[in-house]
Colleague: 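The following block contains the structure, expressed as structure tokens.
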There are 2 protein chains.
Amino acid sequence: MVEPLDPEMFDPVCPSSAMPIQIGDKWTAMVVICLEGGPRRFTELRVPLRGITPKVLTQTLRAMERDGLVTRTAYDENPPRVEYELTTLGRSLLTLIDAARSWSRDHLPTLLEARRAHESTPRPALLQRPAP
Amino acid sequence: MVEPLDPEMFDPVCPSSAMPIQIGDKWTAMVVICLEGGPRRFTELRVPLRGITPKVLTQTLRAMERDGLVTRTAYDENPPRVEYELTTLGRSLLTLIDAARSWSRDHLPTLLEARRAHESTPRPALLQRPAP
DNA sequence: GATACTGGTTACCTCAACGATACCGGGATA
DNA sequence: TATCCCGGTATCGTTGAGGTAACCAGTATC
């Protein structure tokens, strides 16, 4: 048996939402990370992706399937069982995701600090002219 | 004098729009690339970014300035002159952009082929059951 | 019969990004 | 007087990603 996914895997309040890098659509990178350890079921994916609605998860998975990032396997049992698994192509995104994570670890605090500093200082006149 | 930017630098019909990686907003990565060689003026940036409207370019640059990716320097001459330049933080995005470009070079054709193949094959029933 | 489980679907709505178009202010130049 | 240049603004409209809420089919179990 595979280990269950950690429900705290992704923090909804994490500043990564400010990260200037995005892989695929909003949830794509998180799905890839969830599938890194092996195939997962639909309901299983919903746990760490707190807040995702079934509609949006379906959309995300269908788009990823269309692009050859995941495969979908349905087992005719009941209750029904469907498993999603990364393809080689999908797995190739992991290096990119790692690069994005490294960038964030190294530079996101700087960006957030710049943003914070900017918010608290009113924008100066576009052209600084000598006072009359 | 710095070399002018190549008007053909970015192809509007380039499949990179299908690229599952995005840096910042739609134009951010292109602006970073334009600024790689040194400071550029507003009007100068509009050339390779064919089709960008001044409003959107302003929005993009303001957001980048807020996040500490570029600096804006206005010279009180006329006609007015304003120069945008990458900060160290902005420059740090270049490695990420290169990683994204490498991924695209290596894998985007595969993705596009998967997509093309998928479009031409109707989605099978979600659960394959034996025919009655 | 009622209820639960899985893996969805459907209709509707909201909001932000993006784009099209027009206009502006100040100085230099003709 | 008129026109051009530069670096923008102002206003409006479109589009699509994403979210909310409700519903569904088939089977099993109570």
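The basis for the numbers below is simple: all heavy atoms, side chains too, and nothing from hydrogens, waters or symmetry mates.
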Colleague: Write down the distance between CG (A:Asp25) and P (D:dT15), rounded to a whole number of angstrom.
Modeller: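 Answer to the nearest Å: 19 Å.
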Colleague: Do any side-chain nitrogens or oxygens of B:Arg62 fall under 4.0 Å of OP1 or OP2 in D:dT9?
Modeller: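 Checking D:dT9 against B:Arg62, a side-chain N or O does come within under 4.0 Å of OP1 or OP2.
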Colleague: Evaluate the salt bridge (Lys or Arg N to Asp or Glu O under 4.0 Å) criterion for residues A:Arg116 and A:Glu113: first the C-alpha distance (whole Å), next the side-chain angles of each, then the deciding distance (0.1 Å), finally the verdict.
Modeller: CA-CA 5 Å; A:Arg116 205 191 53 69; A:Glu113 169 57 24; 3.2 Å; yes
Colleague: Any side-chain N or O of B:Arg81 below 4.0 angstrom from OP1/OP2 of D:dC5?
Modeller: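 For D:dC5, neither OP1 nor OP2 has a side-chain N or O of B:Arg81 closer than 4.0 Å.
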Colleague: Determine: side-chain N/O of A:Asn78 to OP1/OP2 of D:dA28, distance under 4.0 Å, yes or no.
Modeller: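 Affirmative; the distance criterion is met.
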Colleague: Would you mind checking if A:Arg46 and A:Glu44 are paired as a salt bridge, meaning a charged N to carboxylate O distance below 4.0 Å?
Modeller: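 Salt bridge: no.
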Colleague: Should stems be defined as at least three consecutive Watson-Crick or G-U pairs with both distances under 3.5 angstrom, which of them involve DNA chain C?
Modeller: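 Looking at DNA chain C, the stems formed by three or more consecutive pairs are C:1-30 with D:1-30.
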Colleague: Which residues in residues 27-53 of chain A have at least one heavy atom lying under 4.0 Å from any atom of DNA chain C?
Modeller: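 Going residue by residue through residues 27-53 of chain A, the ones with a heavy atom under 4.0 Å of DNA chain C turn out to be A:Arg41, A:Phe42, A:Thr43.
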Colleague: OP1 or OP2 of C:dG7 versus the side-chain N and O atoms of A:Tyr75: is any pair under 4.0 Å?
Modeller: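 For A:Tyr75, the contact criterion (side-chain N or O under 4.0 Å from OP1 or OP2 of C:dG7) is not met.
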Colleague: Rounding to a whole Å, what distance do you find between B:Asp76:CG and C:dG25:C1'?
Modeller: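 To the nearest whole Å, that distance equals 13 Å.
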Colleague: What is the separation between atom CD on A:Gln59 and atom P on D:dG19, rounded to the nearest whole Å?
Modeller: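 Distance, rounded to whole Å: 9 Å.
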Colleague: If you compare every side-chain N and O of A:Lys55 against the phosphate oxygens of C:dC12 (OP1, OP2), does one of them come in below 4.0 Å?
Modeller: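 Indeed not, no polar side-chain atom of A:Lys55 lies that close.
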